[in-house]
Colleague: 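So that we are looking at the same thing, I have put the structure below in structure tokens.
Each chain gets a letter, A, B and so on, in the order the sequences are listed, and its residues count up from 1. Values reported hereafter were calculated over all heavy atoms of this structure, with side chains retained and with hydrogens, waters and symmetry mates removed. Model, not experiment: these values are computed from the prediction.
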Amino acid sequence: MQRTAGELATLLSGVIEGDPTISVNRLGKIEDAESGAITFLSNPDYEGYIYDTGASVAIVSNSFRPSQQLPTSLTLIKVDDPYAAFAQLLEYVGKSNLFPAGIHPSAWIAEGAHLGDDCYIGPFVVLEKGAKVGNGCQIHAHVTIGRDAELGENTQVFSGAKVLHDCVIGNNCSIQAGAIIGSDGFGFVPKADHGFQKVPQTGNVIVKDDCEIGAATTIDRATLGSTIIGKGVKLDNQIQVAHNVIIGDHTVIAAQTGIAGSTTLGAQCMVGGQVGFAGHIKIADGVKIAAQSGVTTSIKDANVVYQGTPACPIKDYQQQQIAIRKLTRNHLFDRVDELERSQKNSEDQP
Amino acid sequence: MQRTAGELATLLSGVIEGDPTISVNRLGKIEDAESGAITFLSNPDYEGYIYDTGASVAIVSNSFRPSQQLPTSLTLIKVDDPYAAFAQLLEYVGKSNLFPAGIHPSAWIAEGAHLGDDCYIGPFVVLEKGAKVGNGCQIHAHVTIGRDAELGENTQVFSGAKVLHDCVIGNNCSIQAGAIIGSDGFGFVPKADHGFQKVPQTGNVIVKDDCEIGAATTIDRATLGSTIIGKGVKLDNQIQVAHNVIIGDHTVIAAQTGIAGSTTLGAQCMVGGQVGFAGHIKIADGVKIAAQSGVTTSIKDANVVYQGTPACPIKDYQQQQIAIRKLTRNHLFDRVDELERSQKNSEDQP
Amino acid sequence: MQRTAGELATLLSGVIEGDPTISVNRLGKIEDAESGAITFLSNPDYEGYIYDTGASVAIVSNSFRPSQQLPTSLTLIKVDDPYAAFAQLLEYVGKSNLFPAGIHPSAWIAEGAHLGDDCYIGPFVVLEKGAKVGNGCQIHAHVTIGRDAELGENTQVFSGAKVLHDCVIGNNCSIQAGAIIGSDGFGFVPKADHGFQKVPQTGNVIVKDDCEIGAATTIDRATLGSTIIGKGVKLDNQIQVAHNVIIGDHTVIAAQTGIAGSTTLGAQCMVGGQVGFAGHIKIADGVKIAAQSGVTTSIKDANVVYQGTPACPIKDYQQQQIAIRKLTRNHLFDRVDELERSQKNSEDQP
């Protein structure tokens, strides 16, 4: 981006105080923004920073009255709600990162693949036979969309991500770089000779609308049927979703969590990073799981908070932690030794 | 796949009861299969589902006698062993996913690379100088086979996986999408100025026959010599195998486990997800490690089961867990306080 | 590599004892090196191995006096410091793995990308508009360098790694295969309908000089400003670095560790594998964290060692572990039961 303060004031329906011709090319935080950046002041606790910010432009409230001298290099854009205006600006900048529609000449689009209107198809992209890509999608360099896989509209697939055969992705999804959707589930049956025979994984993955799939996250296809990522689910980076898992709508999961096969998570759950879920369990709606927990059994009550390995209600977990610390701090072992000694002494007394 | 019930009955040496011309194009579970799917009934506990299944075709036992009215839309294929027949069908479908042999025109095969017969080489594949690919391999889009790397026969390498220079992969392996084989080991020596100097990693990775390497799993090359993945080893997604690790034959490891440098795992071990192994330790054959454990020392006894961090025999771990829960539930601290108070009182009495 | 003992003696300023024309093509460890390999003997504990090594050439100290008959097939290169000589050899071999400079005809270099001298640009590499690559870089197959991203000099980016738009990488870095630099940070704000709205991530990632970034490691771009990886930082494989994290100079982190958003790690920290750091915390310089720990709060004291979840000073952690084991081994619960019984008895006595 490269915009003048005047252009941005128009975008944000704000009023300029300062130089409307000054130009900015990036966003910054008020505490460390430098010349050429636009920032904002919303939280009064940060007001102190504005008096020596290096930013060229700051979005402030109409009601802002400086209590000190502002930097002379600073131009203000005054708006009703600086936080909302800044969110609007973020979205504007986000959209300005879209690539112009067009198909790079090096992309390989198989016969029988179907491509919607207004898509960006980057260099060395592969759309295999039967792949369908909806209108307005952005598919970056080195992406593969496998045989008979489908993308809805306005979905973005970033560099090197793979959507493998038969998988179905909804509208307005964001598949981050290096994500793998549709790798084989991990299914084997023992052979007579102590080895294992692979069970072919013939299902697919369905990712519904408005999902975020993080970088290097892997989602295995179902053995039969579908692994399902519900509407609006947000998966951070390096999450592992095994075959036949179902994740309910609007559930949010932090990085490096793993979900074993055939487990179902409810809607609107919130899961911390590095959590592990055992296979074949069921988690109710709205459950929260603290980071690094190990969830080994189903959780039937909605909206509870669990922590620890094995995960238990957070209050129990906290009491256990307190007890473990007390064990060493309170010299419990020594005290019981002493009680036994005293008792023995008193028994020995006539 | 798109096959009639009659064709599938022939394939499975079964007998049709119903419409041999009905066509199916996918597999389904009996509890949720829909029209156009073929399913099976093996476990008697699931018999109830067959009376209102939506599936078009079901594989059942020759001895199956319905106790209720079957759906009129359902055609049966009767066989001796429905589970075995379904496994055979899974394998048939799995094979039907193979790409026809051929080299995509966009692939880049360096001079001095050697390619066997009947291989599929997908778009934008790179075979570097000296790479050797055995007969019947399937190499999907965006795969690199590095300089002097070798693949055996009938090995599949899925989209975007990398087999880097000098690494050797056996026959009948399956390298899932995004796997990295042969990244540099993590080896550094301290420098005088508090920084670290990289130790060049000049060894390779050897993956023996019949291995599964999961999506986004990373296997580092040895500093010297080889990192070795034994015959029939099954590695799930996002596993990290450090330099000079050796994994014994037919060992199975679940997702997101990490094995630090120079550690050796025995044959036929089973390791849960998110386990960590310290470096330079040795695990005996047939050992089982529960999920999320941290194995910090060698395990010398074969076939034992360990759990926890630091990992210990599972019985000890379970007793520890029980004890921790008891600590809070039994009010142990309060009881010891009370004992001390009582004792003091009794001592204070004349 | 393929070099004669004589050539290598010249390289290492050593003296040949044996056959200067014998040729080696790889490095080996003295305990298992085979014919055609060069090895070294530095640690006297390993001297026993040299008397039946299969290696063709061994680097030994000038002061080495064999106590037994050496293999007749073995040629010695005598030097002042065999370990230093071997390190020099490792580096020589490491450099011999560099690809010759040149641009592969299949690479796609956008108009407005800038490429320095003496670079290797591999097959199907993408340099987007505005990308800048410094002199002497090696960019392997299937790498993307995004719009306006920059690499310093002599940096290596291995197969399939992605350096996304606006990110900045320093000199002499090594970005392993499949690493993702500049994926979107995981930032959302709640919507009225229980869903979440993505906050555009408009910052970048800065990786300073001399860094190692492991295979399949993911580093998210900042929401605003930069995620910063300090000079000389070494990140192992499958590490997750969230948006706005700052890692101090020369910090080393083992595989599968995750660092949540806006956390700052000091300089010269050492972090084990599978560690988790909560967001918005600050870790002092020189702190060491044991593997699998969960760091939930800031650590203000430099150079301390922490372990456990929640992480605490390692001495406290060890005492807790001892106490937990004692709980079950010392029959503490039974002993307290017994004390209560005895006391009750004594009270019941007249």
Side-chain angles (χ1 to χ4, degrees), chain B residues 106 108 124 126 128 142 144 146 160 162 164-165 178-180 182-184 186 188-189 194-203 216-218 220 223-225 238 240 242 256 258 260 274 276 278 292 294 296 309-310 312 316 319-320 322-324 326-327 330 332 335-336 338-339 342-343 346, chain C residues 1 26-29 32-33 39 87 90-95 97 104 106 122-124 140-142 158-160 174 176-178 210 212 214-216 231-232 234 236-238 249-250 252 254-256 267-268 272-274 291-292 308-309 321 324-325 327-328 332-333 336 339-340 343 346-347:
Chain B
S106 68
W108 182 69
F124 310 123
V126 173
E128 290 182 350
H142 304 123
T144 300
K162 311 296 177 194
L164 299 176
H165 65 90
I180 306 290
S183 36
D184 280 350
F186 195 65
F188 302 90
V189 288
H194 296 295
F196 293 88
Q197 168 80 36
K198 177 162 183 163
V199 176
Q201 304 291 309
T202 64
T217 280
T218 55
D220 279 353
T223 310
L224 295 177
Q238 296 187 34
Q240 150 69 357
Q256 295 183 319
Q274 297 183 332
Q292 287 194 329
T296 55
T309 300
C312 59
D316 296 353
Q319 285 176 343
Q320 288 167 15
I322 291 166
I324 290 169
K326 254 179 152 173
L327 266 186
N330 284 21
L332 193 72
R335 289 163 61 197
V336 172
E338 178 58 30
L339 282 164
S342 300
Q343 192 185 62
S346 77
Chain C
M1 65 173 273
R26 62 188 185 283
L27 308 170
K29 287 184 287 186
D32 60 13
T39 185
L90 278 170
E91 197 171 330
Y92 172 76
V93 173
K95 280 193 179 145
N97 273 334
H104 195 276
S106 69
F124 309 123
H140 289 254
H142 304 122
F158 292 95
S159 191
S174 195
Q176 296 292 321
D210 304 322
E212 176 96 11
K231 182 177 158 69
K234 312 297 184 191
D236 200 350
N237 296 349
Q238 296 187 34
D249 294 351
H250 303 300
V252 176
Q256 296 183 319
Q268 291 161 244
Q274 298 183 331
Q292 288 194 327
T309 299
Q321 291 299 312
I324 290 169
R325 284 197 291 273
L327 265 187
T328 52
L332 193 72
F333 296 101
V336 172
L339 282 165
E340 288 175 337
Q343 193 185 59
S346 77
E347 285 171 6

Colleague: Can you say whether C/A87 sits under 4.5 Å from chain B via the side chain, the backbone, both, or neither, judging by heavy atoms?
Modeller: neither
Colleague: With respect to chain C, which residue among B/V336, B/D316, B/D220, B/L164 yields the maximal number of heavy-atom pairs within a distance under 4.5 Å?
Modeller: B/D220
Colleague: Partners of B/T223 by side chain to side chain contact (heavy atoms under 4.5 Å, CB included), sequence neighbours excluded?
Modeller: B/V199, B/Q201, B/H243, B/N244
Colleague: Examine whether an atom of C/E340 lies under 4.5 Å from a heavy atom of chain B, and if so say whether it belongs to the side chain, the backbone or both; otherwise answer neither.
Modeller: both
Colleague: Are C/E212 and C/Q176 close enough that a side-chain donor and a side-chain acceptor fall under 3.5 Å?
Modeller: yes
Colleague: With a 4.5 angstrom heavy-atom cut-off, is it the side chain or the backbone of B/K326 that approaches chain C, or both, or neither?
Modeller: both
Colleague: Is there a side-chain contact between C/Q238 and B/T218, using heavy atoms and a 4.5 Å cut-off?
Modeller: yes
Colleague: Go through the side-chain N and O atoms of B/Q274 and B/Q292 and say whether any donor and acceptor fall under 3.5 Å apart.
Modeller: yes
Colleague: For C/S174, is it the side chain, the backbone, both or neither that has a heavy atom under 4.5 Å from a heavy atom of chain B?
Modeller: side chain
Colleague: Is there a donor-acceptor pair closer than 3.5 Å between any side-chain N or O of C/D210 and the backbone N or O of C/G232?
Modeller: no
Colleague: Against the six-membered ring of B/F196, is C/K234 placed for a cation-pi contact (under 6.0 Å from the centre, within 45° of the normal)?
Modeller: no
Colleague: With rounding to the nearest 0.5 Å, note down the distance linking CD in B/Q343 to CG in C/L339.
Modeller: 8.5 Å
Colleague: Would you say the side-chain atoms of C/H142 pair up with the backbone N or O of B/K162, donor to acceptor, closer than 3.5 Å?
Modeller: no
Colleague: At a heavy-atom separation under 4.5 Å, does B/T296 approach chain C through its side chain, its backbone, both, or neither?
Modeller: neither
Colleague: Could you tell me which of B/A179, B/A260, B/A242, B/G258 has the largest number of non-hydrogen atom pairs under 4.5 Å with chain C?
Modeller: B/G258
Colleague: Pick from C/A216, C/S106, C/A177, C/G178: which one has the most heavy-atom pairs with chain B under 4.5 Å?
Modeller: C/A177
Colleague: Just give me the residue among B/T217, B/I324, B/I322, B/T202 that pairs up with chain C most often, heavy atom to heavy atom, under 4.5 Å.
Modeller: B/T202
Colleague: Is it the side chain or the backbone of B/I180 that comes within 4.5 Å of chain C heavy atoms, both, or neither?
Modeller: side chain
Colleague: In terms of heavy-atom proximity below 4.5 Å to chain C, should B/Q197 be classed as side chain, backbone, both, or neither?
Modeller: side chain
Colleague: Heavy-atom pairs under 4.5 Å with chain C - which of B/G160, B/C312, B/G294, B/G225 has more of them than the others?
Modeller: B/G294
Colleague: So B/L332 and C/F333, do their side chains get closer than 4.5 Å, heavy atoms only?
Modeller: yes
Colleague: Looking at C/H104, C/Q268, C/K231, which makes the most heavy-atom pairs under 4.5 Å with chain B?
Modeller: C/H104
